[in-house]
K.L.:
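Could you have a look at this structure, given as structure tokens, before my questions?
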Amino acid sequence: MNNVEISKILNAMAVFYEMEGVSFKPRAYEKAAEAVAAHRESAADIFKHGGEKALMDIPGVGPGIAAHIAALLTKKTFPEYQRLKKKYPLNLDELGSIEGLGPKTILLLYKKLGVKDLKDLERAARAGKIRKIPHLGIKSEQNILRGIDFMRRSAGRIPLGYILPLAEEIEARLGQVPGVRRAVICGSIRRRKETAGDIDILVTTSKPKAAVDYFVSMPEVEAVYARGEGKASVRLKIGIDADLRVVPKESLGAAVQYFTGDKQHNIHLRTIAIKKGYKLNEFGLFRDAKNVACETEEEIYGHLGMDCPSPEMRTDTGEIEAAIAHKLPKLISYDSVRGDLQTTTNWTDGAKSIREMAVYAKKLGLEYIAITDHTKALAMTGGLDERGLARQAKEIEKLNTEFNPPNRRTKFKILKSAEVNILKDGSLDISDEALAKLEIVGAAVHTNFNMSESEMTERIIRAMQNPNVDIIFHPTGRLLNRREPYKVNMEKIVAAAKATGTVLEIDAFPDRMDLCAEHVRLAIKAGVKLSIDTDAHAPEHLEYLNLGVALARAGWAKKSDIVNTMPLKEFLEWLKKLKKKR
DNA sequence: GCCGTTTTCGGCCCGACTGTTTTCAGTCG
């Protein structure tokens, strides 16, 4: 049983206890579930090497839950889970993923209408049965239907950050199969789209059968749809499909181009090929029957008289025209971000200490991180007030001294910062005096999401007008597959950011990934600076930075557009200048 | 059920919004 599966069961326990009306246990199980899911090392390995006791090193896991996890690993279940699952025979995976539907309502619907899964729920809602239940009404019924619709539209797609590591692992393992020369991820994952619906991998090999045999028998495979000489299609246990195609090594470039997409980009490209007297398909670029280019993508684009746009840009939104004009921007490269400007520690709802975050950041080669714990209006996270921020500042100063002994050449800096809440009226929940003492201030909307576009836009603009605010964190507030972005007029936000010198954030956390590519382009065009941050709540989350780079590249960002590509010294000077200007 | 610079037992779960209500339960961040 892997960490995700364990986490799911712990989450189910939280829901069950919520239904039972038990206090405190739900939060405890939820926290443990979250920690297990985020934990790098697999619980199975930890248990194998250190037993139950070692499991307790996972934050939020104590003796009780450690015993449950041990039972899950050895017996696939534990008595309390069995009992509650029997008492509430519900598909919580389905019902729990509908926005606005919590444990109590799920229980109510089960008791009154026998709703056990999504199918039951939709039937009941469509039949108008939900509105008749006391405490629920027409609006609740409509909200449930809307929730189902939203879930359907996003279902089956997994955030890039969660699927990319697996895709890369499969790619690497395929590369090791005897006979295989190359294995290449294609499709939306190669384009680094925010979510992926499937994994597409191409291989060139001298032994097609061996590659197909390996692919369909991987441990991640749940079912095999099809397996042939040069192609296989499977369902993975994580709930999406994966396709393997064996292609001749001479036409790898053409196949990679074809299967990378996107569709609109390829249609446009093929039209250009036709106009120039060619035919373009997955086997090559043909003039009459002669294949003139197929080994590399560059070769194909070159024959069509254009530069090769990087996969992230291929959406047919101007990249082809730019490629023809040889005016593609020099995109920000991966690994060029030098600091993370949004990180959360155990001073609020992060998992680890400032020191642990800093140590990990340093290990990744970063030169600075801003500690941006939540502030007081977010009570649920234990948000810091002015006094808390002052206490934290002392701790940071102490650590900075420790991290930078006088004799050491390489510098690492922890910046005093905060993720300040933008209140409903656009004011902030921390006094200006306290904000002025921080080295960099991020502000974000965390409450009152359902405002009209004009109200929300005004609210954020007002926050930007506070001279202490340097960055707007996750400017659209979307949560992939879970929450729509709040309504804002991005043109106005960008204009205000330009006027106030405020940085807009590209949030690299897999569930967030805002801004979207179009917004990035809009900001860059207006000359607004951006930052790429992870919103890390645990040290490993710092590794998500590259997802933000991917998003920046999709939005045509150059290195100079992103403030935290600057080396430490230059960044601090820039920050000083920024503060002075206001 | 977990946890510890308010510590080994007694806290933890706060505030706003929504939809249903006429005084409040459920949900979310």
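Each chain gets a letter, A, B and so on, in the order its sequence line appears, and its residues count up from 1. For clarity, every value in this text was computed on a predicted model and none was experimentally measured.
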K.L.:
Please check the phosphate of B:dC17 (OP1 and OP2 only) for any side-chain N or O of A:Thr447 closer than 4.0 Å.
P.N.:
no
K.L.:
Whole-Å distance between B:dC12 C1' and A:Glu30 CD?
P.N.:
13 Å
K.L.:
Kindly point out which of B:dG19, B:dG29, B:dC2 is positioned nearest to the side chain of A:Glu99?
P.N.:
B:dG29
K.L.:
Counting only Watson-Crick pairs (N1-N3 plus N6-O4 or O6-N4) and G-U wobbles (N1-O2, O6-N3), all under 3.5 Å, who is the partner of B:dG19?
P.N.:
B:dC24
K.L.:
Looking at every strand, decide which applies to A:Lys31 at a 4.0 Å heavy-atom threshold: base, sugar-phosphate, or nothing.
P.N.:
nothing
K.L.:
Is the shortest side-chain N to carboxylate O distance from A:Glu194 to A:Arg157 below 4.0 Å?
P.N.:
no
K.L.:
Just the rounded figure in Å: distance from P of B:dG29 to CG of A:Asp373.
P.N.:
19 Å
K.L.:
Are A:Tyr29 and A:Tyr17 close enough that their ring centres sit under 6.0 Å apart?
P.N.:
yes
K.L.:
Between B:dG19, B:dG1, B:dC2, which one does the side chain of A:Lys25 approach most closely?
P.N.:
B:dG1
K.L.:
Hey, what do you get for CZ (A:Phe412) to CG (A:Leu366), rounding to the nearest 0.5 Å?
P.N.:
6.5 Å
K.L.:
Could you work out the separation of B:dT20 and B:dT27 based on their P atoms and round it to a whole Å?
P.N.:
13 Å
K.L.:
Of the options B:dG19, B:dG29, B:dG1, whose atoms approach the side-chain atoms of A:Ser140 most closely?
P.N.:
B:dG19
K.L.:
What interatomic distance, in whole Å, is found between C1' of B:dG19 and the corresponding atom of B:dT23?
P.N.:
14 Å
K.L.:
Is the ring pair A:His541/A:Tyr544 parallel, tilted or perpendicular, if the boundaries are 30 and 60 degrees?
P.N.:
parallel
K.L.:
Would you please confirm or rule out a distance under 4.0 Å between OP1 or OP2 of B:dT18 and any side-chain N or O of A:Asn143?
P.N.:
no
K.L.:
Starting at atom NE2 of A:His135, determine the distance to atom P of B:dC24, rounded to an integer number of angstrom.
P.N.:
12 Å
K.L.:
Would you indicate which nucleotide in B:dG19, B:dG29, B:dG1 comes nearest to any side-chain atom of A:Lys139?
P.N.:
B:dG19
K.L.:
Using whole Å, report how far CE of A:Met56 lies from P of B:dG4.
P.N.:
12 Å
K.L.:
Over how many whole Å does the gap from A:Asn11 atom CG to B:dG1 atom P extend?
P.N.:
16 Å
K.L.:
Suppose you measure atom C1' in B:dG26 against the same atom in B:dG10; what distance do you get, rounded to whole Å?
P.N.:
27 Å
K.L.:
A:Thr105 near the nucleic acid: base, sugar-phosphate alone, or nothing, with a heavy-atom cut-off under 4.0 Å?
P.N.:
sugar-phosphate
K.L.:
Would you indicate which nucleotide in B:dG19, B:dC2, B:dG1 comes nearest to any side-chain atom of A:Tyr17?
P.N.:
B:dG1
K.L.:
Mind calculating the distance between CD (A:Glu80) and C1' (B:dG1) to the nearest angstrom?
P.N.:
12 Å
K.L.:
Given the P atoms of B:dT8 and B:dT21, what is the spacing between them in whole Å?
P.N.:
47 Å
K.L.:
Using a 90° cut-off around 0 for syn, call B:dT7 syn or anti.
P.N.:
syn
K.L.:
From the options B:dG1, B:dC2, B:dT27, select the nucleotide whose nearest atom is closest to the side chain of A:Tyr29.
P.N.:
B:dG1
K.L.:
Taking the nucleotide of DNA chain B with the closest heavy atom to each, which residue, A:Gly102 or A:Arg391, is nearer the 5' end?
P.N.:
A:Arg391
K.L.:
Is any side-chain heavy atom of A:Val441 closer than 4.5 Å to one of A:Ile430?
P.N.:
no
K.L.:
A:Arg146 CZ to B:dG19 C1': how many Å, rounded?
P.N.:
12 Å
K.L.:
Closest to the A:Asn448 side chain: B:dC2, B:dA16, B:dT27?
P.N.:
B:dA16
K.L.:
Please state how far atom OH in A:Tyr486 lies from atom P in B:dC28, giving the value in whole angstrom units.
P.N.:
18 Å
K.L.:
Take atom P in B:dC9 and the same atom in B:dC17, then report the distance between them in whole Å.
P.N.:
41 Å
K.L.:
From the options B:dG19, B:dG29, B:dG1, select the nucleotide whose nearest atom is closest to the side chain of A:Phe449.
P.N.:
B:dG29
K.L.:
At under 4.0 Å, does any side-chain N or O of A:Lys424 touch on OP1 or OP2 of B:dC17?
P.N.:
yes
K.L.:
Say you pick atom C1' in B:dT6 and the same atom in B:dC12; how far apart are they, in whole Å?
P.N.:
13 Å
K.L.:
Between B:dC3 and B:dC13, how far apart are the P atoms? Round to whole Å, please.
P.N.:
14 Å
K.L.:
For the C1' atoms, the ones on B:dT18 and on B:dG11, what distance do you get once it is rounded to whole angstrom?
P.N.:
30 Å
K.L.:
State whether A:Lys31 and A:Glu34 are salt-bridged, where the test is any N-O pair (Lys NZ or Arg NE/NH1/NH2 against Asp/Glu carboxylate O) under 4.0 Å.
P.N.:
no
K.L.:
What class does the angle between the rings of A:His446 and A:His374 fall in, given that below 30° is parallel, 30 to 60° is tilted and above 60° is perpendicular?
P.N.:
perpendicular
K.L.:
Of A:Leu136 and A:Ala32, whose closest DNA chain B nucleotide lies nearer the 5' terminus?
P.N.:
A:Ala32
K.L.:
Under the criteria of a ring-centre distance below 5.5 Å and an interplanar angle below 30°, is A:Phe24 stacked with the base of B:dC2?
P.N.:
no
K.L.:
Is any side-chain N of the basic residue among A:Arg27 and A:Glu30 closer than 4.0 Å to the acidic one's carboxylate O?
P.N.:
yes
